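Keep in mind it's a predicted model, so treat the numbers as computed, not measured. Just the heavy atoms: all of them, side chains too, but no hydrogens, waters or symmetry mates, feed the values below.
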Amino acid sequence: MMHNIAYALYYGFFKALALLPLPVLYVFSDLIRIVVYNIAGYRKRTVAENLEKCFPDKTPEERKKIERDFYRNFCDNLIETIKLLHISDREITRRMEFANLEAIEQLVDSGKSIIIYFAHTGNWEWAPSITLHMPAGKVVFGQVYRPLRNKAFDRLMLKIRSRFGSESYPKATVMRNLLLLKRQNKISVTGFMSDQKPSHGDPAVPLMFLNRPTAFISGTETLGHKLGFAAVYWDMEKTARGHYRLTAKVLSPDMAAEKPQKITMAYALALQQTILRNPAIWLWTHNRWKIPVSINPLQ
């Protein structure tokens, strides 16, 4: 009962906000940024420390600019995600551009399911709108997520993420979910946010990333290797406020044929290039360097 009441309150409040046009919501975003950044200082120390260690060659002024731009993008991301509760297909198509989708179509036409290596860059919550650009019913689109502790808010996020018809698979059951689709002879395209730190006890791939020894998730590659999927990286750019471009870049047409760690290394290199192009669009508030690792430089 309490769960349903909480969900109804969350949904009603955010749905009301979503009815507002994006230009108005960006005014709210600017106000939220003042509270989050200037007043509350949300994870400001973590962001500053991450930027200092990842960009030691930049001046303090340059890092400060990245920090300010990051918090603006961070707050934009929040209101853009809320907007998914009330946005037309036409508007999201105008704001979300996909490039090189033919690479995905060729893999699908050859019978290959795909693992999408993705990251917390730009607005990742808008990425599932790819379904608007692919033939209906041809592919099962989905994304892996970590369930939130707040069950009512978790339910709300699942509703938001299903806006364009994609499935959401809990991290704990994704292998089972994808195996079932494979046994049913269904082609799947599934997004994995592989820039998070590995979960406790999970094997990690140690790489030099953004000038720091970094533990990368190995589970994405392990799963793709076992299932014989293809691997594609989604390179996200923020082209203007409220406008993004995602470019599909094939990392491997057959993960089962690759040497261990090769695809994870390729993903790390691709992600590093994305971040270096525009550091402010990555999610700097998380401490992804909690796990100490030995150095294995990117080649």
Side-chain angles (χ1 to χ4, degrees), residues 22-83 95-97 118-127 193-197 206-216 233-247 249 265 267-293 295-299:
L22 269 171
V24 175
L25 286 174
Y26 284 129
V27 175
F28 282 99
S29 176
D30 291 337
L31 295 174
I32 293 169
R33 180 179 60 83
I34 293 172
V35 175
V36 170
Y37 180 55
N38 299 99
I39 299 175
Y42 173 69
R43 297 195 178 183
K44 204 169 177 179
R45 182 178 298 177
T46 298
V47 172
E49 181 179 330
N50 283 341
L51 291 174
E52 182 179 6
K53 291 183 177 180
C54 290
F55 301 110
D57 295 334
K58 291 187 180 295
T59 66
E61 291 76 18
E62 289 172 327
R63 291 195 294 267
K64 197 67 177 178
K65 183 181 186 305
I66 295 172
E67 181 182 294
R68 290 193 300 269
D69 291 345
F70 159 71
Y71 277 97
R72 184 177 194 240
N73 290 326
F74 178 74
C75 294
D76 281 358
N77 184 294
L78 293 177
I79 64 96
E80 289 168 0
T81 299
I82 292 170
K83 185 62 181 174
R95 292 178 173 275
M96 194 68 202
E97 176 188 353
F118 202 25
H120 292 88
T121 52
N123 191 332
W124 54 92
E125 299 291 359
W126 282 12
M193 304 296 282
S194 298
D195 60 337
Q196 297 169 305
K197 67 178 181 62
L207 298 170
M208 197 67 181
F209 175 74
L210 294 176
N211 295 304
R212 303 178 71 177
T214 306
F216 267 82
Y233 172 63
W234 267 0
D235 182 10
M236 179 168 259
E237 303 170 73
K238 185 169 187 174
T239 55
R241 197 174 200 184
H243 293 267
Y244 301 91
R245 180 188 297 116
L246 266 177
T247 303
K249 298 182 177 181
M265 291 179 68
Y267 165 65
L269 275 169
L271 175 57
Q272 183 169 272
Q273 291 168 359
T274 298
I275 295 169
L276 292 177
R277 184 177 61 223
N278 184 359
I281 67 168
W282 198 42
L283 189 62
W284 292 98
T285 48
H286 288 184
N287 185 359
R288 296 180 175 83
W289 290 278
K290 286 184 178 180
I291 302 173
V293 292
I295 299 175
N296 181 10
L298 294 178
Q299 300 297 322

Do Asn278 and Thr121 come within less than 4.5 Å of each other through their side chains, counting heavy atoms only?
-> no
Partners of Arg72 by side chain to side chain donor-acceptor pair (under 3.5 Å), sequence neighbours excluded?
-> none
Under the side chain to side chain donor-acceptor pair (under 3.5 Å) rule, collect the residues that match up with Trp289, sequence neighbours excluded.
-> Thr214
Is the centre of the Tyr244 ring less than 6.0 Å from the centre of the Trp126 ring?
-> yes
Contacts of type side-chain contact (heavy atoms from CB on, under 4.5 Å), residue Leu31, not counting sequence neighbours | none
Mind checking the CG-NZ spacing from Asn123 to Lys83? Nearest 0.5 Å is all I need.
-> 13.5 Å
Quick one: list whatever passes salt bridge (Lys or Arg N to Asp or Glu O under 4.0 Å) with Arg245, sequence neighbours left out.
-> Glu97, Glu237
Return yes if some donor-acceptor pair links the side-chain N/O of Tyr71 with the main-chain N/O of Asn38 below 3.5 Å, else return no.
-> no
By side-chain contact (heavy atoms from CB on, under 4.5 Å) - contacts of Ile32 (at least two apart) | Val36, Cys75, Ile79
Minimal non-hydrogen separation, Ala119 against Trp124, with atom names | O-CB, 3.9 Å
Report the C-alpha distance between Leu276 and Leu210 in whole Å, list the side-chain angles of each, state the deciding distance to 0.1 Å, and finish with yes or no for side-chain contact (heavy atoms from CB on, under 4.5 Å).
-> CA-CA 9 Å; Leu276 292 177; Leu210 294 176; 4.1 Å; yes
Which of parallel (below 30°), tilted (30 to 60°) and perpendicular (above 60°) describes Phe74 and Phe70?
-> tilted
Let me see the working for Arg63 and Glu52 under side-chain contact (heavy atoms from CB on, under 4.5 Å), right down to the final yes or no.
-> CA-CA 7 Å; Arg63 291 195 294 267; Glu52 182 179 6; 4.1 Å; yes
Would you name the heavy atoms of Ala268 and Phe216 that are closest together and state the gap between them?
-> CB-CZ, 3.7 Å
Just how far is it from atom CD1 of Ile82 to atom CD of Glu125, taken to the nearest 0.5 Å?
-> 11.5 Å
For Arg288, what residues pass the salt bridge (Lys or Arg N to Asp or Glu O under 4.0 Å) criterion, not counting sequence neighbours?
-> Asp195
Partners passing side chain to side chain donor-acceptor pair (under 3.5 Å) against Asn77 (at least two apart in sequence or in another chain) | Thr81
What pairs with Lys53 under salt bridge (Lys or Arg N to Asp or Glu O under 4.0 Å), at least two apart in sequence or on another chain?
-> Glu49
Taken in chain and number order and not counting sequence neighbours, the residues that satisfy side chain to side chain donor-acceptor pair (under 3.5 Å) with Glu67 are Tyr37, Lys64
Reported CG-to-OG1 distance for the pair Leu269 and Thr274, which is rounded to 0.5 angstrom | 11.0 Å
Quick one: closest heavy-atom pair of Cys54 and Asn211, and the distance?
-> O-ND2, 2.7 Å
With sequence neighbours excluded, residues passing salt bridge (Lys or Arg N to Asp or Glu O under 4.0 Å) with Lys238 = Asp76
Taking the six-membered ring for Trp, are Phe55 and Trp282 ring centroids under 6.0 Å apart?
-> no
What distance separates Asp69 CG from Trp284 CH2, expressed to the nearest 0.5 Å?
-> 13.0 Å
Scan residues 24-47 for pairs that pass salt bridge (Lys or Arg N to Asp or Glu O under 4.0 Å), counting only residues two or more places apart or in two chains.
-> Asp30-Arg241
Atom CZ of Phe28 with >12 non-hydrogen neighbours under 6.0 angstrom = no
Is the closest side-chain heavy-atom distance between Glu80 and Tyr26 below 4.5 Å?
-> yes
With a 4.5 Å limit on heavy-atom distance, are the side chains of Leu246 and Phe118 in contact?
-> yes
Looking only at non-hydrogen atoms, find the nearest pair between Ala280 and Ile66 and report the distance.
-> CB-O, 3.9 Å
For the atom pair CG (Leu283) and CG (Asn50), what is the distance rounded to the nearest 0.5 Å?
-> 10.0 Å
Across all chains, not counting sequence neighbours, the ring-ring contact (aromatic ring centres under 6.0 Å, His included) partners of Tyr267 are Tyr117, Tyr233
